[in-house]
Amino acid sequence: MAASEGGSSAADIAVIPAQRLESASGVMNADAQEEASELESSETAPRPIAPTSKKPGNNNGGVETAEEATEPAEPDINELCRDMFEKMAIFLQGELTATCEDYKLLENMNKLTSLKYMEMKDISINISRNLQDLNQKYASLQPYLDQINQIEEQVTALEQAAYKLDTYSKKLEAKFKKLEKR
């Protein structure tokens, strides 16, 4: 492994994240210390060298120089966790609000349906009451209807008697005319 121009080795670079963790939180808890020690042990192992590049004006027999292997700056884990929890809280709040709104809508629909059924119940009660009144009126009119039926039967009988009388009178007239001719 080649040392970079700054004079720091790979072991020095591996210690930087653990130091950064300590300085960011002030005091490291047990989990953070364990994580830092895992980082140090994994970073002291041989690492692949960063990609090399040829310098454009330096073509002495194809010698390549290694660029300094730098790790990207790690964002503060606490800040990332806080951000994640805030976004998760916003998401859950939105889900709960949507569910609440659904239940309110369902409650309103149930209330409206209940009101409609109450109106329909009132209408059916009125219809039932009116039907009972009509049945009572029909029952009170039944004797008159029976009389009308009897009168109709009598009129029909009287009409038939009138037809018979008419035919008899026509026969009589015909006989009278016959007798008159003689």
Side-chain angles (χ1 to χ4, degrees), residues 17-18 20-39 41-43 48 51 70-182:
R20 205 176 292 145
L21 279 175
E22 286 177 6
S23 66
S25 64
V27 177
M28 290 179 62
N29 60 19
D31 292 337
Q33 287 177 352
E34 189 175 314
E35 188 177 315
S37 65
E38 287 176 12
L39 275 174
S41 65
S42 67
E43 290 187 3
T70 59
E71 288 187 16
E74 290 185 16
D76 186 19
I77 292 175
N78 290 335
E79 188 63 35
L80 289 175
C81 286
R82 188 174 298 113
D83 185 47
M84 180 195 66
F85 283 122
E86 286 174 2
K87 289 180 180 176
M88 197 64 162
I90 291 169
F91 170 75
L92 290 175
Q93 186 68 33
E95 288 291 315
L96 290 175
T97 302
T99 303
C100 245
E101 293 299 320
D102 288 345
Y103 281 125
K104 285 179 183 176
L105 176 65
L106 193 59
E107 181 182 12
N108 289 339
M109 288 173 57
N110 283 339
K111 285 179 181 176
L112 286 174
T113 304
S114 175
L115 289 174
K116 288 291 181 184
Y117 279 123
M118 295 281 284
E119 289 175 10
M120 290 172 63
K121 178 184 170 190
D122 291 341
I123 291 170
S124 65
I125 288 172
N126 287 336
I127 289 173
S128 174
R129 193 174 303 131
N130 290 338
L131 184 63
Q132 286 176 353
D133 290 343
L134 284 175
N135 283 337
Q136 287 176 354
K137 288 178 182 177
Y138 181 77
S140 67
L141 289 176
Q142 188 63 41
Y144 300 112
L145 294 173
D146 290 340
Q147 284 180 356
I148 290 172
N149 287 338
Q150 288 175 355
I151 292 172
E152 184 181 0
E153 288 172 4
Q154 291 173 357
V155 166
T156 305
L158 190 60
E159 185 181 8
Q160 287 182 1
Y163 282 134
K164 286 180 183 177
L165 187 62
D166 187 43
T167 54
Y168 180 71
S169 66
K170 284 181 184 178
K171 284 181 186 177
L172 218 99
E173 184 181 350
K175 276 186 184 181
F176 179 73
K177 284 187 183 180
K178 226 185 213 186
L179 287 174
E180 217 177 57
K181 282 184 185 182
R182 281 190 207 179

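Just so you know, residue 1 is the first one in the sequence shown, and it goes up from there. Because only heavy atoms are used, hydrogens play no part in the values below, and waters and symmetry mates are left out as well, while side chains stay in.
- At a threshold of 4.5 Å between non-hydrogen side-chain atoms, the residues Lys87 and Met84 do not count as touching.
- Rounding to the nearest 0.5 angstrom, the gap separating the CD1 atom in Ile148 from the CD atom in Gln150 is 11.0 Å.
- Atom CD1 of Ile127 is separated from atom CG of Leu134 by 11.5 Å, given to the nearest 0.5 angstrom.
- Here the OG1 atom belonging to Thr113 is positioned 9.0 Å from the CG atom belonging to Leu106, to the nearest 0.5 angstrom.
- Glu95 contributes atom CD, which lies 11.0 Å from atom CD of Gln93 (distance to the nearest 0.5 angstrom).
- The distance from the CG atom of Asn110 to the CG atom of Leu115 is 11.0 Å, given to the nearest 0.5 Å.
- Contact of the Leu172 side chain with the Phe176 side chain is not registered, since no non-hydrogen atoms from C-beta on lie closer than 4.5 Å.
- With Glu173 as the partner, the salt bridge (Lys or Arg N to Asp or Glu O under 4.0 Å) test is satisfied by one option alone out of Lys177, Lys175, Lys170: Lys177.
- A donor atom on one side chain and an acceptor atom on the other are not found under 3.5 Å apart for Asn149 and Glu153.
- In this structure, Glu152 places its CD atom where only 12 or fewer heavy-atom neighbours from other residues, nucleotides or ligands lie under 6.0 Å away.
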For the pair Thr167 and Tyr163, evaluate side chain to side chain contact (heavy atoms under 4.5 Å, CB included) and give the outcome as yes or no after the intermediate values.
CA-CA 6 Å; Thr167 54; Tyr163 282 134; 5.7 Å; no
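- Salt-bridge formation is detected for the pair Arg82/Glu79: a Lys NZ or Arg NE/NH1/NH2 atom is positioned less than 4.0 Å from an Asp or Glu carboxylate oxygen.
- Separation of atoms OG (Ser128) and CG (Asp133) is listed at 9.5 Å; rounding is to 0.5 Å.
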